[in-house]
Amino acid sequence: MSRYNFKETEAKWQKAWAEHRSFAAGDSDERPKYYVLEMFPYPSGRIHMGHVRNYTMGDVVARYKRAAGFNVLHPMGWDAFGLPAENAAMERGIHPAEWTYSNIATMRRQLQQMGLSLDWEREIATCHPGYYRHQQALFLDFLEAGLAYRRESSVNWDPVDNTVLANEQVIDGRGWRSGALIERRKLAQWFLRITAFSDELLESLATLNRWPERVRLMQENWIGRSQGASIRFSVADGATGRQLPETLEVFTTRHDTLFGMTFCALSPHHPLAAQLAAKDREIADFVAECDRLGTSEAAIEAADKRGHDTGLVVRHPFDAKRVVPLYIANFVLMEYGTGAIFGCPAHDQRDLDFARRYGLDVIPVVAPRDADPADFAVADEAFVDDGVLINSDFLDGLDVPAALRRMAERLQADGIGEATTVYRLRDWGISRQRYWGCPIPVIHCASCGVVPVPRSDLPVLLPDDVEFGKPGNPLDLHPTWKHVDCPGCGGEARRETDTMDTFVDSSWYFARFCSPRADVPTERRSVDHWLPVDQYIGGIEHAILHLLYSRFFTRAMRKAGHVSLDEPFAGLFTQGMVCHETYRDRNGKWLFPNEVEKRPDGSAIKVKDGGPVTIGRSESMSKSRKNVIDPEQIIDTYGADTARLFMLSDSPPERDLEWTDAGIDGAWRYINRLWRLVAAPGGPIAAADAPEPESFDDAASAARRLVHKTIAGVTDDLEKFRFNRAVARIRELTNMLGELTGDAADVAWVRREGLDVAVRLLGPMVPHIAEELWQRLGHESPLADTAWPDVDPALLVEETITIAVQVNGKLRGTIDLPRDADREVAEAEALELDGVKRAIEGKAPRKVVVVPNKIVNVVV
RNA sequence: GCCCGCUUGGCGAAACUGGUAGACGCAACGGACUUAAAAUCCGUUUCCCCUCGGGGAGUGCCGGUUCGAGUCCGGCAGCGGGCACCA
């Protein structure tokens with residue numbers, strides 16, 4: 001018997017599918033549509049195991065849905081702009097475009113080796129002008145619709161590299177590349193008005209019932225809606241008592257504690273703080289000091305609550321005699337609420353810490369229910385729970401929720417405040433001072449201001465002749481690119497040199513796949529046909545940013561008339577990571593798995609010199625830890641089907657998958673067993689068109705029942721993303737078929753039915769060998785065009801059922817009964833069991849619980 | 001600190017709405033085939049006790065509901081994730 005030759009077979013079918021355009025999706029088709037999409041890859045160089053897992057899952061869904069009668073759209077593209085291309089340019093002197101396109105070529109070839117049922121005719125790359133010109137058009141639409149705007153914003157500025165850094169690129173207050181101390185700078189930046197949709201983005205999370213609960217929760221927290229009140233205070237000079245023209249507006253969620261206010265505080269970046277700093281040297285110094293303390297988490301963690309008394313005072317709105325000092329405090333954020341707070345130390349821990357440091361009063365206004373209100377006091381811990389209002393005039397005696405309502409009404413009635421909702425979500429800053437991104441299509445003119453690039457001038461192409469390695473934005477440094485005439489007045493003007501955040505590119509690619517070559521961003525007819533994406537699959541790491549941006553973008557595109565829906569992804573599945581043990585040599589240097597030899601006792605040595613190796617815990621595969629396995633090497637050694645099968649076996653798809661050599665061996669052995677099962681079955685296989693026999697003997701009908709139970713089970717598993725369970729079921733089926741021996745006509749017929757079914761169920765998972773076996777089983781049309789097998793519901797019902805018999809809840813035996821046997825019969829047979837008699841020791845049962853077709857429990 | 005999730009053999013894991021815990025696989029051990037190895041096939045494998053009939057314990061820990069709990073409820077622990085001077 002010939003061994004399975006995966007190299008030949010896989011190449012053969014990949015060629016056949018491509019030649020027959022088996023996976024090209026037509027826009028006009030009477031079958032129902034199904035759009036399955038996996039998050040498109042960044043072309044970093046080569047595919048990694050995470051890609052293999054992601055795209056295998058997507059391909060199972062795509063092939064299964066196609067067999068189930070859907071017109072499936074399953075496209076692939078490249079998230080191709082980004083910083084690594086510029087780094088490659090700097091380090092190796094290769095142009096970002098060349099680096100990117102060569103990576104794309106490599107990775108496309110690797111994906112094609114996996115046998116994915118992709119429609120390659122729809123391939124897109126975001127760095128191609130054919131894509132980004134439309135993104136520029138969308139930007140202009142958003143600009144017209146008021147969804148894109150420019151404003152000053154404070155940024156992390158690296159003074160050595162002359163560039164803005166993202167928060168993630170600031171490590172311990174220093175630039176990740178230059179190591180320079182980061183400054184906060186005000187810079188004009190472009191923003192997209194995601195906050196215009198805060199409520200909508202929050203509310204419609206509830207409609208995404210095919211999204212993981214976890215992701216919805218994360219987005220909910222990220223949007224962070226808080227119900228509270230804004231309150232306006234009047235401000236006076238503390239020394240002279242003269243009233244200032246400004247009012248101080250604060251946001252609070254605890255307006256019930258207003259009578260416990262003992263100070264107010266401004267953010268160092270509050271306009272009033274800036275005003276004061278202009279006149280007062282000490283205040284200016286304090287604000288500067290706050291700026292020096294970075295915004296990184298570590299810095300915040302370490303920083304004390306610090307403040308500076310402005311000398312101004314704030315009047316209590318309901319007690320004309322009371323005034324409290326106004327501070328500038330480092331813990332008040334300009335980005336949240338109004339950038340100013342009132343401090344109630346008794347009921348807020350931060351305020352309490354601050355009050356203790358500066359010797360401010362602590363007035364409790366909520367007492368725990370079980371405390372004596374007369375001597376309730378707060379020491380080191382603020383009291384933040386519900387209780388009874390005290391020291392609070394018209395709120396006294398109320399509980400916290402009632403006091404919140406009463407205070408909101410009163411503020412409103414007196415015209416000094418109102419109930420307000422604020423969000424944690426902020427507008428999306430998309431300006432990047434980088435070359436390898438989509439140019440923002442505007443022109444700055446001294447007399448006309450910001451002028452959009454006329455649409456007829458799109459795309460604004462990136463120049464090819466740029467220099468890398470100098471600090472700053474290569475576009476800005478280009479000698480001629482930015483110098484243009486103003487489209488309005490014709491005078492000298494400057495092109496915007498910022499490019500867009502690469503998250504913009506991935507916020508609408510799913511829509512572009514519907515009509516990837518259209519000369520408008522989207523063709524309504526095709527987006528209306530294909531969207532929403534029925535099943536989106538990707539990593540949990542995109543739970544917030546990419547998925548939220550895409551939800552926003554879809555709404556913005558709807559406003560601009562490009563799509564007619566709100567939610568781009570009807571179903572979302574987030575898969576787990578692929579993990580591997582980590583290895584370090586005696587010098588602490590990371591080692592690749594193939595530099596390490598495992599020994600039987602579980603320890604490991606270095607292959608090169610036999611030195612000791614420390615085995616670290618299993619972590620997600622990453623180049624920096626070197627715990628990576630190259631997918632192409634696996635595919636070369638075992639074939640794509642084996643790699644795919646391993647990705648689907650054993651671990652549930654949402655959980656992390658531990659890569660093991662033994663696991664891939666196991667998958668490889670199964671592929672070969674399948675091959676032998678068809679090449680050398682336990683008896684004859686009936687012809688493909690043989691008529692169904694009149695009757696089946698017991699063994700044959702039991703076998704048939706398993707065949708149909710497997711169809712039903714696997715179908716259900718695939719619908720629910722339980723790929724590991726589906727693999728296990730199919731193995732049970734093929735194990736049974738391997739044991740099915742005999743030459744009788746009914747057995748030969750069941751063998752045929754079982755093999756056909758097994759091969760069809762395996763088609764989505766291991767498509768190459770399935771195609772080959774399908775052909776060898778005598779079928780003329782390819783498996784890729786074959787329908788999913790039907791279940792005969794009559795065969796799902798067992799005639800005889802094994803029922804567990806318990807005594808006091810403990811298993812004592814089983815009885816076989818015809819389906820739906822009488823309770824009396826079940827009870828009588830159960831009581832006859834030796835194990836039951838032994839266990840009840842002659843006592844009369846107090847009660848016998850009979851659950852038909854399930855269980856008998858004898859209670860003594 | 002707040003929010004969420006997870007915890008089942010030596011390992012990855014099954015167990016649909018409470019009803020025979022450990023399917024399917026990995027590893028290990030024993031055996032067959034072979035001059036030998038690889039490959040393949042057969043068997044054993046939750047733990048403990050045993051007179052080999054069987055008996056006891058068991059799904060992170062403590063408690064509860066139920067005829068019956070991996071599954072439901074309350075509390076605790078460990079691990080993982082998200083958010084965080086968010087007023």
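So you know, we letter chains A, B, ... as the sequences are listed, proteins then strands, and number each from 1.
Across all strands shown, A:Val332 has heavy atoms under 4.0 Å from base atoms, whether or not it also approaches the sugar-phosphate. At the heavy-atom level, A:Arg426 lies under 4.0 Å from base atoms of the strands shown. Residue contacts shown for A:Arg731 are limited to sugar-phosphate atoms, with no base heavy atom under 4.0 Å away. Within 4.0 Å of A:Asp351, counting heavy atoms only, lies no atom of the nucleic acid at all. At the heavy-atom level, A:Thr660 lies nowhere under 4.0 Å from the strands shown. Here A:Ser651 lies in heavy-atom contact (under 4.0 Å) with sugar-phosphate atoms only.
The shortest distance between the side-chain N/O atoms of A:Asn672 and the OP1/OP2 oxygens of B:rU40 is not below 4.0 Å. A:Arg729 has no side-chain polar atom (N or O) that falls below the 4.0 Å cut-off from OP1 or OP2 of B:rA14. Contact annotation: A:Arg676 reaches the phosphate of B:rC41 (side-chain N/O to OP1 or OP2, under 4.0 Å). Proximity of A:Asn724 to the phosphate of B:rA23: no side-chain N or O atom is located under 4.0 Å from OP1 or OP2. Remark: A:Arg669 is in phosphate contact with B:rA27, judged by side-chain N or O atoms under 4.0 Å from OP1 or OP2. The phosphate of B:rC86 has OP1 or OP2 within less than 4.0 Å of a side-chain N or O from A:Arg350. Proximity of A:Arg725 to the phosphate of B:rA13: no side-chain N or O atom is located under 4.0 Å from OP1 or OP2. OP1 and OP2 of B:rC86 both lie 4.0 Å or more from every side-chain N or O belonging to A:Thr253.
When the P atom is compared between B:rC6 and B:rA15, the two are found 14 Å apart, to the nearest whole Å. Comparing B:rC26 with B:rC41, their P atoms are spaced 10 Å from each other, to the whole Å. B:rG70 and B:rA14: their C1' atoms are spaced 11 Å apart (whole Å). Comparing the same atom, P, in B:rG30 and in B:rA37 gives a spacing of 14 Å after rounding to whole Å. The same atom, P, is picked in B:rG56 and in B:rU7; the two are 29 Å apart, to the nearest Å. Atom C1' of B:rG60 sits at a distance of 38 Å from the matching atom of B:rC42, rounded to the whole Å. The C1' atoms of B:rC72 and B:rU65 are separated by 8 Å, rounded to the nearest whole Å. Rounded to whole Å, the P atom of B:rC4 lies 41 Å from the corresponding atom of B:rC48.
Comparing B:rC85, B:rG25, B:rG82 against the side chain of A:Asp650 picks out B:rG25 as the nearest. Side-chain proximity of A:Lys854 to the nucleotides B:rC41, B:rG19, B:rA87 is greatest for B:rG19. Candidate nucleotides B:rC3, B:rA21, B:rC26 were compared by shortest atom distance to the side chain of A:Leu811, and B:rA21 ranks first. Taking only side-chain atoms of A:Leu217, from C-beta outward, the nucleotide of B:rA84, B:rC4, B:rU20 with the closest atom is B:rC4. Ranking B:rC86, B:rG25, B:rC24 by closeness to the A:Glu732 side chain, first place goes to B:rC24.
With ring centers used as reference points, A:Trp211 lies 6.0 Å or more from A:Phe573.
We find that A:Asp665 and A:Arg669 are not joined by a salt bridge, their nearest charged nitrogen and carboxylate oxygen being 4.0 Å or further apart. Between A:Glu654 and A:Arg214, none of the side-chain N atoms (NZ, or NE/NH1/NH2) sits under 4.0 Å from a carboxylate O, so this pair counts as no salt bridge. Using a 4.0 Å cut-off between charged side-chain N and carboxylate O, A:Glu798 and A:Arg819 make no salt bridge.
A:Ser618 and A:Glu581 share no donor-acceptor pair across their side chains, judged by distance under 3.5 Å alone. Counting only N and O atoms by type, the side chains of A:Thr582 and A:Asn627 include no donor and acceptor under 3.5 Å apart.
Toward the 5′ end of RNA chain B lies the nearest nucleotide of A:Lys810, the other residue of the pair A:Lys810 and A:Met334 mapping further downstream. Mapping A:Arg812 and A:Asp348 onto RNA chain B by nearest heavy atom places A:Arg812 closer to the 5' end of the strand.
Applying the side chain to side chain donor-acceptor pair (under 3.5 Å) test to pairs two or more places apart or on separate chains, those with a residue in residues 730-739 of chain A are A:Tyr670-A:Thr734, A:Arg673-A:Asn735. Note on residues 338-352 of chain A: pairs passing side chain to side chain donor-acceptor pair (under 3.5 Å), not counting sequence neighbours, are A:Asp348-A:Arg350, A:Gln349-A:Asp353.
More than 90° away from 0 lies the glycosidic angle of B:rG60, which makes this nucleotide anti. Glycosidic conformation of B:rG70: anti, with the torsion beyond 90° of 0.
Here B:rG81 presents its P atom at 17 Å from NE2 of A:His542, a figure rounded to the nearest Å. When rounded to the nearest whole Å, the span between CD of A:Glu381 and C1' of B:rG1 equals 11 Å. To the nearest angstrom, C1' of B:rG12 lies 14 Å from CG of A:Leu645. Regarding A:Phe646, its CZ atom lies at a distance of 15 Å from the P atom of B:rG25, rounded to whole Å. Straight-line distance from the CE atom of A:Met218 to the P atom of B:rC4: 14 Å, rounded to whole Å. Atom CG of A:Asp353 is separated from atom P of B:rA84 by 20 Å (rounded to the nearest Å). Atom NZ of A:Lys305 is separated from atom C1' of B:rA84 by 12 Å (rounded to the nearest Å). Put simply, CZ on A:Arg424 is 8 Å from P on B:rC85, counting in whole angstrom units.
Legend: residues meeting ring pair (Phe, Tyr, Trp, His ring centres under 6.0 Å) with A:Tyr336, ordered by chain and number and at least two apart, are absent.
Residues A:Leu201 and A:Gln219 fail the side-chain proximity criterion, which asks for heavy atoms closer than 4.5 Å.
Counting only distance, with no hydrogens or angles, the side chain of A:Ser392 and the backbone of A:Leu395 share no donor-acceptor pair below 3.5 Å. Looking at A:Thr420, its side chain does come within 3.5 Å of a backbone N or O of A:Ser230 through a donor-acceptor pair.
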request  = Show your reasoning for whether side-chain hydrogen bond (donor to acceptor under 3.5 Å, both in side chains) applies to A:Thr800 and A:Asp816.
outcome  = CA-CA 6 Å; A:Thr800 304; A:Asp816 288 338; over 6 Å; no

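Residues A:Gln575 and A:Arg53 approach most closely at CG-CD, 4.5 Å, considering heavy atoms. Closest non-hydrogen pair, A:Phe286 versus A:Ile328, comes out as CE2-O, 3.5 Å. Nearest heavy atoms, A:Met647 versus A:Val52: CG-CG1, 3.8 Å.
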query = What string of B, S and - do you get for nucleotides 58-74 of chain B, 5' to 3', if B is base contact, S is sugar-phosphate-only contact and - is no contact with any protein heavy atom under 4.0 Å?
reply = ---------BS------

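Contacts with RNA chain B (heavy atom under 4.0 Å) in residues 713-723 of chain A: none are found.
Taking a pair as Watson-Crick or G-U wobble with both distances under 3.5 Å, RNA chain B forms stems of 3 or more consecutive pairs at B:1-7 with B:77-83, B:10-12 with B:24-26, B:28-32 with B:40-44, B:46-49 with B:54-57, B:60-64 with B:72-76.
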